[in-house]
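Order of the sequence lines sets the chain letters (A, B, ...), proteins ahead of strands, with each chain counted from 1.
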2 protein chains.
Amino acid sequence: MPSTPRPARTSYHHGALREALLDGARELLAEGGADSFSLSALARRLGVSTAAPYRHFADKDALVDELCGEGYREFGRALTQAASSTTDARERLDALGVAYLRFAREHPAVFGIMFTDRGPAVLASGVPTFEVLVDAVVAAQDAGALPPGADPRVLARTVWATLHGLAVLGRRGGFTKLAIDDDEARLVADALALLTR
Amino acid sequence: MPSTPRPARTSYHHGALREALLDGARELLAEGGADSFSLSALARRLGVSTAAPYRHFADKDALVDELCGEGYREFGRALTQAASSTTDARERLDALGVAYLRFAREHPAVFGIMFTDRGPAVLASGVPTFEVLVDAVVAAQDAGALPPGADPRVLARTVWATLHGLAVLGRRGGFTKLAIDDDEARLVADALALLTR
DNA sequence: ACCTGAACACCGTTCAAGT
DNA sequence: ACCTGAACACCGTTCAAGT
């Protein structure tokens, strides 16, 4: 569901091919996963030639990188919103954790692409997202829920790693096989209970 | 470097194509990563026709699944060996963590494949690996390093998620951009210091 | 039983040519 | 400036045919 309605293809020129490519790519990604996504299938769906995308993106990786950037921005918004949902510093960590796992569940293909080996440009996009966690850790330290003497970036790294591990391992039923497949809220609560005090 | 020397191709039949395919696949994977690995390139390298692999594997996924299974077995051996390296239950957790991150660093392509969406058969192969962690958690509980009342499987899940997150995020310099890129021992020590007491 | 040769549908990418 | 048509090298996979 594109945010802006695509104008119907009236003539030789598409008119808004760049946006249509990104919209269509998101749809294909959501439908068939990262593997089944091809530039050819995308062009076919949009009714343009297979060479047309190359007027708007240098190659397939450039389009995927753009999708990753969008993903990071939306991920950051979801985390920021979760962080502002409560004034309690300890509860805020839980809210961030649940938002982290929910994003991974609701956008599995984009999440998978965001965290598989992509260029350094994509990695840099992830830093602002991380800062939300650092801020929450500092607040939790002030509230006495995390060791006050420790480097907040080191603490945030550990919290981030834990949440990310839960998201990745839980994504495709990694915990189901172990008969310890709880819902997201409990997954996060159990993990953060061990990390905080 | 295959464990058994490949006999030279003397005639029409290869003789040990199945093993040669697995050895060559490991090599290609280590050289160019998971993306650049193709069955055609593998057949070319071994000097057989592009159809030859299909006498030994149903399709490309079957070969990759086999590689994942081998990866899990070697991963399990590395963790088991690390666990037996010390009698101190608390130190054992650190040893497991370092072994976890080292495996991810030394076998990046196989590690990546093991934990990306593969079939349920591959997922089941990961369970024995997890049991090593559960045993170490129980010992740590007895030693007072982890809450004695908690379900060891839930604790192990959290420890697993944390180590996995560190491995995944740290793999391609995920922490470098945050200026908190420490060595593996410190990464693990900082994280487990927060999890244990 | 194991492998080849040739073919099919599908990729990503390029480039001259069209509008 | 933006898109097409046709081409290239490369995939995964199949199948009749060879040894």
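Nucleotide D/dT19 has C/dA1 as its partner under the Watson-Crick or G-U criteria, with both atom distances under 3.5 Å. Applying the Watson-Crick and G-U wobble criteria (two distances, each under 3.5 Å), C/dA6 pairs with D/dT14.
Classified by interplanar angle (parallel below 30°, tilted 30° to 60°, perpendicular above 60°), the ring pair B/W160/B/F130 is tilted. Aromatic ring orientation, B/F75 versus B/F103: tilted (interplanar angle from 30° to 60°).
Between C/dA1 and B/H56, no contact under 4.0 Å exists linking OP1 or OP2 to a side-chain N or O.
Distance CZ (A/R55) to C1' (C/dT14): 10 Å, rounded to an integer number of Å. Nucleotide C/dC2 holds its P atom 16 Å from the CG atom of B/L46, rounded to whole Å. Counting to the nearest Å, the P atom of D/dC11 and the CZ atom of B/F37 are 11 Å from each other. In this structure, the CG atom of B/D59 is 5 Å from the P atom of D/dT13, given to the nearest Å. Computed from coordinates, the A/D35 CG to D/dG12 P distance equals 12 Å when rounded to whole Å. Rounded to whole angstrom, the span from the CG atom of A/L39 across to the P atom of C/dT14 amounts to 11 Å. Distance B/L17 CG to C/dC3 C1': 9 Å, rounded to the nearest Å. Atom P of nucleotide C/dT4 and atom OH of B/Y54 are separated by 14 Å, given to the nearest angstrom.
If you look at B/H107 and B/F111, their ring centroids are not closer than 6.0 Å.
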Which parts of nucleotides 5-10 of chain C does protein reach within less than 4.0 Å, heavy atoms only, written one letter per nucleotide 5' to 3' as B for base, S for sugar-phosphate only and - for none? B-----
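Without hydrogens or angle criteria, A/Q141 side chain to A/A150 main chain gives a donor-acceptor distance under 3.5 Å. Between the side chain of A/Y100 and the main chain of A/A167, no donor-acceptor pair closer than 3.5 Å is present.
Side chain of B/K60, nearest nucleotide from D/dT13, D/dC11, C/dT13: D/dT13.
Under the salt bridge (Lys or Arg N to Asp or Glu O under 4.0 Å) criterion, A/R26 pairs with A/D23, A/E70, not counting sequence neighbours.
Within the 4.5 Å cutoff, the side chain of B/L169 has no heavy atoms near those of the A/R157 side chain.
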